[in-house]
Amino acid sequence: MREGSGPVPGASATASVARGTSLADTDDNAADLAAGAPTPVNAKGETSGGGQPPEEPGPTEPGDVRIHDIQGTTRLSPLDGTAVTGVPGIVTGVRAGGSRGFWIQDTAPDNDPRTGEGLFVYTGSTAPTVKAGDSVLVSGKVAEYYPGTGTQSLTQITAPRVTVLSSGNALPAPVVLDARSVPGRYVPSADGGAIDALPLDPATYALDLYEALEGSRIQIADTRVTGATTAYDEIWVTVKPKENPTRRGGTLYASYEDQNTGRLKVMSLDPAQPVPTANVGDVLKGRTTGVLDYASYGGYNVQATELGTVVDNKLRREVTRKQKKDELAVATYNVENLDAGDDQAKFDTLAEGVAVSLSSPDIVSLEEIQDDNGAVNDGTTGSEATLKRFTDAVVAKGGPRYAWRYIAPENNKDGGEPGGNIRNVFLYNPKRVSFTDRPGGDATTPVRAVDTWLGVKLSASPGRINPASPAWADSRKPLVGEFVFRGKPVFVIGNHFASKGGDQPLHGRYQEPTRSSETKRIQQAAEVNTFVTSLLKADRSARVVALGDFNDFEFSPTMKALTKGKALKPLISTLPVGERYSYVFDGNSQTLDHILTSPGIRRLDYDVVHINAEFADQASDHDPQVVRIKVGGLWPW
């Protein structure tokens with residue numbers, strides 16, 4: 001409504017009109033109002049320029065809610081979704097990158113060991129302005145954040161308003177985690193369902209203890225490294241040195257029912273003090289102190305504000321013995337997506353593993369050889385340039401001039417990195433062993449066992465096992481080859497089964513976790529078993545070596561399906577328990593790679609050669625392995 005002497009000077013279709021800062025109302029618009037640039041404000045109080053009105057001051061006195069009220073007695077906060085005001089705590093750690101925020105801890109805990117006294121305050125895109133030792137009051141909204149599919153949740157306060165009352169305060173004393181304080185049982189069962197609502201029992205279950213300490217300061221000391229420093233600046237240790245130890249200092253993953261409760265991942269909150277480089281078996285000496293956090297990769301972890309120092313246990317890469325003149329040496333090695341575009345250093349290190357560490361086996365079954373241009377998705381499927389570089393590098397390291405055989409996959413039909421076309425490949429030393437080439441093998445034609453009066457032979461060599469089977473959809477197909485050593489035929493099957501991608505995590509929300517990927521590997525194992533059985537049906541003394549990356553454990557249903565009817569024997573079971581591993585994941589030493597032999601092979605010497613999985617510096621995340629078979633062990637003789 002117009003008031004007074006006239007319109008506001010400067011008012012137009014592109015200008016806004018607002019009352020002056022004095023908020024005077026003299027009934028004269030020209031005097032009381034002024035024109036200027038538009039400054040719209042949304043429902044959140046934000047201007048179009050991204051700014052906000054000055055934040056409302058936070059409370060100066062604690063509210064009614066404490067951290068233990070928020071954490072509650074289960075994994076889910078009873079106040080989830082509730083606004084809280086003036087939650088008191090001491091800042092114990094600050095994370096300025098990644099998931100930004102800070103941790104607070106109450107200095108007046110209750111007497112219930114189930115209710116945590118620490119909490120993460122999530123600041124979103126804004127870097128925290130508080131520092132360790134600040135006494136604060138935090139207002140905001142309680143939320144449960146699930147960092148990944150199937151993971152447990154992280155209780156936090158979001159959209160916080162923070163009042164700093166004082167600085168330089170002493171931090172709460174950390175809880176010491178060691179072999180005495182961490183329970184021997186891992187996690188309660190919910191028959192495959194969610195454990196979210198189960199009452200915590202920190203005196204019985206390790207994951208319940210860690211959950212009750214989520215966001216709180218903890219301390220570990222003189223811990224043995226069970227997972228080497230990674231490219232993500234993290235390291236795995238155990239607070240239980242006697243829990244399933246391996247011969248070289250790791251922690252063995254022995255069964256689904258026997259989880260290792262003492263494992264924790266350690267990361268540093270201080271960019272100026274990164275996690276030190278360490279290998280399995282080294283010791284993180286002295287105190288490591290920090291806040292116990294939870295993340296999708298690895299679960300509970302220590303966000304360290306104080307790090308111990310590494311004591312080198314002098315772990316060395318193994319070298320297996322050379323095969324004797326009358327021994328056939330057959331090895332398997334996952335070379336981790338090798339293609340012709342990789343750095344020469346990777347070729348050289350992998351080649352040294354074959355020529356030196358494996359002592360130049362007669363046959364090497366390789367997994368994860370990509371096509372020549374790697375992940376470039378242009379239809380290329382050949383691997384000649386990749387294999388030429390690799391075999392040249394083996395010669396340069398003192399090994400033999402290997403020949404090779406493989407069957408190129410159909411483009412993008414064998415899983416792995418899109419465009420990479422990974423496949424299984426046989427290398428062989430033609431001065432020691434010959435390959436029986438028999439035409440007919442291609443990406444889609446199944447190889448068969450052919451019964452002849454001279455014994456069993458392959459319908460095609462090299463060939464693939466039933467490639468049209470749904471078991472191999474979007475997955476690597478086993479490569480089968482017929483070799484001759486000292487006049488005797490030997491059938492070698494190179495394998496790379498489907499990965500464990502999609503399985504629920506060991507530390508996750510659902511207990512016991514579902515291993516959804518296992519279904520496909522069991523089907524794949526059945527296909528291989530059926531083929532081996534067909535060889536043995538034609539010739540019960542057929543000499544068969546099945547090997548490769550089976551992506552499953554010696555105690556898994558996959559191995560039971562693979563060995564059905566005693567068609568194959570897993571050699572990993574012939575080793576001492578503390579040596580049964582070829583891979584390290586989340587601080588667990590475990591076996592994914594295997595060599596299995598048919599009953600016709602009786603005298604052998606088997607070795608897992610540890611050169612990668614336990615080391616921070618690794619050419620592949622898998623250790624190779626080799627079996628040496630005596631000619632006299634190729635039965636009958």
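Small disclaimer: the values here were computed from a predicted structure and weren't measured. As a basis for the values below, the full set of heavy atoms in this structure was taken, side chains included, without hydrogen atoms, waters or symmetry mates.
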Atom pair [atom1]/[atom2] of [X] and [Y] - distance to nearest 0.5 Å:
X    : Y    : atom1 : atom2 : answer
D293 : Q303 : CG    : CD    : 5.0 Å
R521 : M559 : CZ    : CE    : 11.5 Å
T563 : H594 : OG1   : NE2   : 10.5 Å
L358 : T320 : CG    : OG1   : 7.0 Å
L252 : E579 : CG    : CD    : 11.0 Å
L547 : H496 : CG    : NE2   : 12.5 Å

> Does the side-chain contact (heavy atoms from CB on, under 4.5 Å) test come out yes or no for I369 and I422, once each step is laid out?
Replying inline: CA-CA 5 Å; I369 290 287; I422 58 175; over 6 Å; no
For [X] versus [Y], what's the shortest heavy-atom pair and its separation?
X    : Y    : result
I235 : V225 : CD1-CG2, 3.8 Å
T558 : A525 : O-CB, 3.4 Å
I407 : G441 : CD1-C, 3.9 Å
A561 : A526 : CB-N, 4.4 Å

>> Just to verify, what does D362 make a salt bridge (charged side-chain N to carboxylate O under 4.0 Å, His left out) with, not counting sequence neighbours?
In response: R432
>> Suppose we screen for salt bridge (charged side-chain N to carboxylate O under 4.0 Å, His left out). Which residues come up paired with R464, at least two apart in sequence or across chains?
In response: D414
> Does the pair L535 and L458 meet the rule for a side-chain contact (heavy atoms from CB on, under 4.5 Å), with working shown?
Replying inline: CA-CA 9 Å; L535 287 172; L458 299 180; 4.2 Å; yes
Sidechain-backbone polar pair: [X] side chain, [Y] backbone, donor-acceptor under 3.5 Å:
X    : Y    : value
T289 : Q219 : no
H610 : P624 : no
T349 : A345 : yes
T226 : G587 : yes
D372 : T386 : yes
D371 : G374 : yes
S365 : T332 : no
N529 : L562 : yes
S360 : A355 : yes
R263 : D586 : yes

> Relative to the ring of F553, is the ring of Y256 parallel (under 30°), tilted (30 to 60°) or perpendicular (over 60°)?
Replying inline: perpendicular
With no hydrogens and no angle check, just 3.5 Å: does a side-chain donor-acceptor pair link [X] and [Y]?
X    : Y    : value
S589 : R580 : no
Y581 : E614 : yes
S383 : R423 : yes
T251 : N244 : no
N495 : N424 : no
E352 : S357 : no
Q370 : N337 : yes
D549 : N334 : yes
Q523 : W472 : no
Q344 : R389 : yes
N373 : T380 : yes
T261 : K240 : yes

Would you call [X] and [Y] a side-chain contact if the rule is heavy atoms closer than 4.5 Å?
X    : Y    : result
V532 : I493 : yes
Y297 : E234 : no
N377 : N411 : yes
E554 : P570 : no
K431 : P400 : no
V283 : T223 : no
L366 : Y406 : no
K630 : L328 : no

>> Among D593, D623, N612, exactly one meets side chain to side chain donor-acceptor pair (under 3.5 Å) together with Y333. Which residue is that?
In response: N612
>> Salt bridge check, R476 against E410: does any charged N sit closer than 4.0 Å to a carboxylate O?
In response: no
Using the ring pair (Phe, Tyr, Trp, His ring centres under 6.0 Å) criterion, which residues pair with [X]? Sequence neighbours excluded.
X    : answer
F426 : F483
F347 : none
Y186 : none

> Would one find more than 12 heavy atoms of other residues, nucleotides or ligands at under 6.0 Å from atom OH of Y606?
Replying inline: yes
>> Are more than 12 heavy atoms, taken from residues, nucleotides or ligands other than K569, located less than 6.0 Å from that residue's NZ atom?
In response: no
>> As a test of understanding, state which of S499, S556, S517 forms a side-chain contact (heavy atoms from CB on, under 4.5 Å) with N551.
In response: S499
> Of R321, K322, R603, R486, which meets salt bridge (Lys or Arg N to Asp or Glu O under 4.0 Å) against E327?
Replying inline: R321
> Quick one: side-chain hydrogen bond (donor to acceptor under 3.5 Å, both in side chains) pairs with a partner in residues 272-286, sequence neighbours left out?
Replying inline: none
>> side chain to side chain donor-acceptor pair (under 3.5 Å), that's the test. Do Y294 and Q152 meet it? Break it down for me.
In response: CA-CA 8 Å; Y294 182 85; Q152 295 187 54; 4.6 Å; no
> Taking it one step at a time, do H507 and Y210 satisfy side chain to side chain donor-acceptor pair (under 3.5 Å)?
Replying inline: CA-CA 11 Å; H507 56 78; Y210 296 150; over 6 Å; no
